Amino acid sequence: MPRETLDATDERILQLLESDGRLSASAIGREVGLSPAAAKRRIDRLEELRIVTGYRAVIDHAKLGWQIEAFVELRVDGSTHVDGITAAYADLPELVEGFTLAGDPDALIRLRVRDHAHLKEAIDRIRRSGGVTGTKTLIVLGAEVNRA
């Protein structure tokens, strides 16, 4: 859907949902000057157009024992197909998200682990997965902004 087909009301609805995906159609309607039914129709349309693709709970993983997050840069053998790069990390239970990149490094992944020993184990599994020629690990000290 071209961005120009969204009006200011749609844009505001998206902002509200992004800040709190649990807002009711009534609450959104009050904020944007629509009836609850009209707000619900707008939300449904944004979902049908796949602009809103889902809702999620934000969990404090540290309270569940997953204390450390790290970004890991991966470099792979030059003969590895781009689509094959994800094989090095796709099955990791510690994986939060992964990206195949153009340039150096070849991939960037975000891991969530219990402690440093667990991080070492995950890095070792990645390095043994085949095709990985090098890694660089960056441990997250804090995350002040998360717009996801």
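Everything numeric in this text was worked out from a predicted model, so none of it was measured. Here, residue 1 is the first one in the sequence, and each next residue gets the next number.
- Remark: Phe71 pairs with Leu108, Arg110, Leu138, Val140 by the side-chain contact (heavy atoms from CB on, under 4.5 Å) rule, at least two apart or across chains.
- Residues passing the salt bridge (charged side-chain N to carboxylate O under 4.0 Å, His left out) test with Asp77, sequence neighbours excluded: none.
- By the side-chain contact (heavy atoms from CB on, under 4.5 Å) test, Thr9 is found to be paired with Asp7, Ile13, Val32, Leu34, Arg42, residues two or more places apart in sequence or in another chain being considered.
- Going from atom CD of Glu69 over to atom NE2 of His61 covers 7.5 Å, rounded to the nearest 0.5 Å.
- With sequence neighbours left out, Asp83 forms a salt bridge (charged side-chain N to carboxylate O under 4.0 Å, His left out) with no residue at all.
- Cluster annotation: Leu101 and Val76 are assigned to distinct hydrophobic clusters (Ile/Leu/Val/Met/Phe/Trp/Tyr, side-chain heavy-atom contacts under 4.5 Å, transitive).
- Residues forming a side-chain contact (heavy atoms from CB on, under 4.5 Å) with Ala87 (at least two apart in sequence, or on another chain): none.
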List the atom pairs, with distances to 0.1 Å, where a side-chain N or O of residues 116-123 and a protein N or O form a donor-acceptor pair under 3.5 Å, not counting sequence neighbours.
residue	atom	partner	partner atom	Å
His118	ND1	Arg114	N	3.0
His118	ND1	Arg114	NH1	3.4
His118	NE2	Glu94	OE2	2.8

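- No option in Val132, Leu111, Ile109 other than Ile109 meets the side-chain contact (heavy atoms from CB on, under 4.5 Å) test with Tyr89.
- Taking Arg50 as the reference, Thr53 meet the side-chain contact (heavy atoms from CB on, under 4.5 Å) condition, with sequence neighbours excluded.
- Taking Asp115 as the reference, nothing meets the side chain to side chain donor-acceptor pair (under 3.5 Å) condition, with sequence neighbours excluded.
- Screening residues 22-34 for salt bridge (Lys or Arg N to Asp or Glu O under 4.0 Å), with sequence neighbours left out, gives Arg12-Glu31.
- Cluster annotation: Tyr55 and Leu23 are assigned to the same hydrophobic cluster (Ile/Leu/Val/Met/Phe/Trp/Tyr, side-chain heavy-atom contacts under 4.5 Å, transitive).
- Residue-environment remark: CG (Asp91) stays at or below the threshold of 12 foreign heavy atoms within 6.0 Å.
- A donor-acceptor contact shorter than 3.5 Å is absent between the side chain of Glu47 and the backbone of Val52.
- Applying the side-chain hydrogen bond (donor to acceptor under 3.5 Å, both in side chains) definition to pairs two or more places apart or across chains, those involving residues 128-140 are Arg127-Thr135.
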Between Asp124 and Ile126, does the side chain to side chain contact (heavy atoms under 4.5 Å, CB included) criterion hold? Intermediate values first, please. CA-CA 5 Å; Asp124 284 343; Ile126 292 167; over 6 Å; no
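- Remark: Glu73 engages Arg75 in a side chain to side chain donor-acceptor pair (under 3.5 Å) (not counting sequence neighbours).
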